[in-house]
Protein chains: 2
Amino acid sequence: MSTGNHKKPSPQREVSRRTGRPTLADVAESSGVSPITASRALRGIATVDPHLVSKVREAAATLGYVVNPAARALASAHSQTIVALVPSLSNQLFIEVLEAIHEVLLPQGLEVLIGDYHYSPDEEEKLIRNYLAHRPRGLLLTGFERSEAAQALLAASRLPIVQMMELANAPGVFCVGFSQQAAGAAVARHLLDRGRKRIAYVAAQLDARVMQRGEGFRHALQHAGLHDPALEMMTPARSSVAVGGDMFSELITNNPDVDGIFFCNDDLAHGAIFEAARQGIRVPQRISMVGFNDLPISAHMTPRLTSIRTLRADIGQRAATQILSLIKHEKLENPCVDVGFELIVRESS
Amino acid sequence: MSTGNHKKPSPQREVSRRTGRPTLADVAESSGVSPITASRALRGIATVDPHLVSKVREAAATLGYVVNPAARALASAHSQTIVALVPSLSNQLFIEVLEAIHEVLLPQGLEVLIGDYHYSPDEEEKLIRNYLAHRPRGLLLTGFERSEAAQALLAASRLPIVQMMELANAPGVFCVGFSQQAAGAAVARHLLDRGRKRIAYVAAQLDARVMQRGEGFRHALQHAGLHDPALEMMTPARSSVAVGGDMFSELITNNPDVDGIFFCNDDLAHGAIFEAARQGIRVPQRISMVGFNDLPISAHMTPRLTSIRTLRADIGQRAATQILSLIKHEKLENPCVDVGFELIVRESS
DNA sequence: CCTCCTCAAGACAGCGCTATCTTAGGCAAG
DNA sequence: CTTGCCTAAGATAGCGCTGTCTTGAGGAGG
């Protein structure tokens with residue numbers, strides 16, 4: 001029933017024509033103020049009479065008005081979005097980080113754009129390029145390693161960035177994480193404390209953090225004079241329970257005297273524990289095993305797995321809080337938050 | 001080196017002023033065509049001279065132009081976004097579905113807005129309300145149950161919707177999944193085939209799908225005259241390995257004669273297997289156990305877990321393909337795709 | 001009583017695109 | 001050679017908001 005609309009808007013608009021959704025103009029009209037005032041009222045800008053604010057809010061609720069994010073982003077030159085990039089969604093670890101991020105940011109009216117770059121710097125760069133077009137308010141990234149082009153894009157964007165999982169103390173860098181080296185070293189000391197002499201490092205999915213763990217572990221063993229490079233087993237293959245079992249078999253076949261193993265993550269350790277049971281190799285009697293991340297299942301298997309508990313939820317929560325502060329141009333008392341880690345000693349060692 | 005073209009834009013714009021990013025106008029200028037032609041060229045609209053298209057593409061690449069999604073969405077009244085809602089991100093199951101969805105949609109230039117509603121219909125409704133404001137091209141939802149308000153919002157949006165995980169054959173409904181009832185029944189038949197007589201169903205996180213599985217399972221047992229309601233153990237608690245162990249302990253204490261258990265998912269079964277080992281209860285000799293979903297670890301534990309393999313990647317991939325067809329207004333040969341399931345028999349039964 | 005100041009509310013313009021209409025050529029038919 | 005039709009390219013307008021300037025009313029000060 002629309003008449004030719006031309007210059008003036010249609011005389012009676014129940015609801016805007018293009019999308020069938022109410023617009024700010026509808027809210028303004030039905031609450032008897034101008035659109036700008038309605039906009040300000042809904043955004044909580046202080047200069048609006050509280051009485052008008054409640055009128056506008058009511059009208060919006062009645063109409064079921066929800067701001068059009070595209071229009072808002074276009075007019076204000078930035079969206080209400082935070083980009084969060086992780087190297088993998090298959091790893092429970094990052095899911096927990098993302099959940100914590102959501103918990104902090106969604107109540108603030110921000111949206112989280114999740115990107116999974118499958119451990120590929122090229123994919124990460126592409127995601128950054130595409131997501132920057134959304135004019136996000138800030139980015140939460142995993143680790144510090146990325147392509148030069150990606151770094152250039154990020155620098156040019158001048159957006160707040162918080163990097164997660166690792167630590168660095170360069171000026172102007174914001175991060176939330178823990179020292180992967182220190183965690184690796186803690187595992188080494190634990191195995192040494194247990195009297196182990198032939199201690200191996202088994203790793204897959206060799207990202208920067210896995211390498212850092214190995215580094216800390218190696219240094220601690222070297223310090224004790226018990227480092228044997230032949231006992232470092234690494235594969236770029238994606239980490240999995242199956243790979244853990246296979247790597248364990250190979251290791252123990254070639255080095256029957258191994259009496260302690262640090263797995264770069266729990267998946268591998270799970271596979272090894274299952275395989276050891278199948279081969280009749282007693283854990284921890286013959287071999288102590290330690291995992292990394294302390295996934296939920298680790299506390300329940302037989303033997304229960306010793307692991308480094310990483311505070312994923314903490315990391316997500318604090319990184320999100322940091323980015324919020326940066327958006328509000330608040331001073332951060334600590335640009336680089338160390339959430340630490342915890343060695344959870346269980347039956348497997 | 002452009003001169004002021006007519007009203008009064010800045011005399012020389014290297015790059016647009018507001019955001020520091022190149023705009024379509026920049027691309028148009030540097031390739032010597034009008035902005036509309038540039039727009040059409042970049043969108044692959046056929047009416048543009050191929051020669052011009054490549055000129056525009058080159059200019060865009062040189063400038064590092066990426067379309068402003070907000071402006072595009074505002075002008076065209078819809079975004080390049082597909083909303084995907086899942087009840088939980090903590091469950092590996094849904095992660096695999098989402099990854100498959102990404103794999104199909106990202107190459108098409110679509111973005112995926114992920115929402116996790118934590119099994120709460122209220123949260124789901126809120127997500128739908130907020131995400132509809134983005135004017136997505138379509139929605140991928142989990143299951144059929146949702147609040148009336150949510151259903152009304154969806155209906156009013158007139159957007160393509162594909163529902164995942166379950167099946168229904170109502171007209172105008174698009175779905176990709178499998179029969180949860182049939183899967184439950186298959187497990188029951190398997191346990192009956194193994195000669196089990198006292199067969200229990202242990203379930204947590206009682207969503208619609210868990211109940212459907214239980215229903216199929218129960219009917220099959222009733223059919224065999226071996227259904228005992230006392231052997232159904234359900235808790236609304238979130239499913240976990242720990243809960244599985246606890247429920248198993250309680251079940252076996254109260255019903256020492258149980259000789260077969262169907263767990264509504266693998267997590268619970270894992271916990272039960274670990275707990276049984278600890279209690280010296282032999283699986284499958286004394287009790288057969290069957291899980292659901294066939295998570296990766298199930299194939300590796302001791303005993304290896306019999307489970308229903310669900311084709312998560314298939315579901316995601318096909319649901320995404322369906323929504324693509326719907327967007328393009330293509331006829332779907334099959335509005336309701338049954339991807340089936342597979343009983344993987346292993347040591348635990 | 002008038003001026004100056006403050007501040008809430010509104011007018012105005014424009015963000016960067018695309019839908020739609022219009023125009024300019026090119027070509028076949030008469 | 002004209003007419004009409006087609007197609008490719010451009011002109012125009014406007015999506016729904018918000019940044020910024022302007023207005024006007026009320027209060028303080030001389």
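All chains are named by letter (A, B, ...) in the order of the sequence lines, taking the proteins before the strands, and each is independently numbered beginning at 1.
- Close to D/dG10, at under 4.0 Å from its OP1 or OP2, lies a side-chain N or O of B/T37.
- Axis orientation changes by 50° from one end of the helix from C/dC1-D/dG30 to C/dG30-D/dC1 to the other, with each end axis drawn from 5 pairs and the value rounded to 10°.
- Minimum atom distance to the side chain of B/A75 is reached by C/dC17, of the listed C/dC17, D/dG19, D/dG10.
- Rounding to whole angstrom units, CG of residue A/L74 and P of D/dC17 are separated by 12 Å.
- Side-chain contact between A/L332 and A/F174: present, with at least one pair of heavy atoms (C-beta onward) separated by less than 4.5 Å.
- Residues that satisfy the side-chain hydrogen bond (donor to acceptor under 3.5 Å, both in side chains) test with B/E96, not counting sequence neighbours, are B/Q92, B/R312.
- Within the nucleic acid shown, A/R40 comes within 4.0 Å of at least one base atom, counting heavy atoms only.
- Here B/A320 pairs with B/I101, B/V104, B/L105 under the side-chain contact (heavy atoms from CB on, under 4.5 Å) rule; sequence neighbours left out.
- Of the two residues near DNA chain C, B/N68 and B/R43, the one whose nearest nucleotide lies more 5' is B/N68.
- If you find the closest nucleotide of DNA chain D to B/A71 and to B/V33, the one lying nearer the 5' end belongs to B/V33.
- In this structure A/R57 satisfies the salt bridge (Lys or Arg N to Asp or Glu O under 4.0 Å) test with no other residue, sequence neighbours excluded.
- Side-chain N/O atoms of B/S34 include one lying less than 4.0 angstrom from OP1 or OP2 on D/dG10.
- Each of D/dT20, D/dC17, C/dC17 was ranked by its minimum atom distance to the side chain of A/L24; first place goes to D/dC17.
- With sequence neighbours left out, A/S34 forms a side-chain hydrogen bond (donor to acceptor under 3.5 Å, both in side chains) with A/T37.
- Closest to the A/V67 side chain, of the nucleotides D/dC17, D/dG10, C/dC17, is D/dC17.
- Partners of B/S39 according to the side-chain hydrogen bond (donor to acceptor under 3.5 Å, both in side chains) rule, which considers only residues two or more places apart in sequence or in another chain, are B/R43.
- Under the 3.5 Å distance criterion, with hydrogens and angles disregarded, no donor-acceptor pair is assigned to the side chains of B/H118 and B/E124.
- Proximity of residues 53-61 of chain A to DNA chain D (heavy atom under 4.0 angstrom from any strand atom) is not detected for any residue.
- Between the CG atom of A/D26 and the P atom of D/dC15 there is a distance of 12 Å, rounded to whole Å.
- Surrounding CD of B/E148 are at most 12 heavy atoms belonging to other residues, nucleotides or ligands under 6.0 Å away.
- Remark: A/R72 is not in phosphate contact with D/dG19, judged by side-chain N or O atoms under 4.0 Å from OP1 or OP2.
- Contacts of B/Q151 classified as side-chain contact (heavy atoms from CB on, under 4.5 Å), with partners at least two apart in sequence or in another chain: B/R146.
- For the side-chain contact (heavy atoms from CB on, under 4.5 Å) test, residues two or more places apart in sequence or in another chain that qualify with B/R129 are A/V66, B/E125, B/L153.
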Return the polar atom pairs (N/O with N/O) between nucleotides 5-8 of chain C and the protein under 3.5 Å, or none.
unit_1, atom_1, unit_2, atom_2, d
C/dA8, O5', A/T47, O, 3.2

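- The side-chain hydrogen bond (donor to acceptor under 3.5 Å, both in side chains) check on B/N68 picks up nothing, with sequence neighbours excluded.
- For D/dT18, the OP1/OP2 oxygens have no side-chain nitrogen or oxygen of A/S76 closer than 4.0 Å.
- Comparing D/dC17, D/dT20, D/dG16 by their nearest atom to the side chain of A/I36 picks out D/dT20.
- When the side-chain contact (heavy atoms from CB on, under 4.5 Å) test is applied to A/Q108, the partners found at least two apart in sequence or on another chain are A/L110, A/L324, A/K328.
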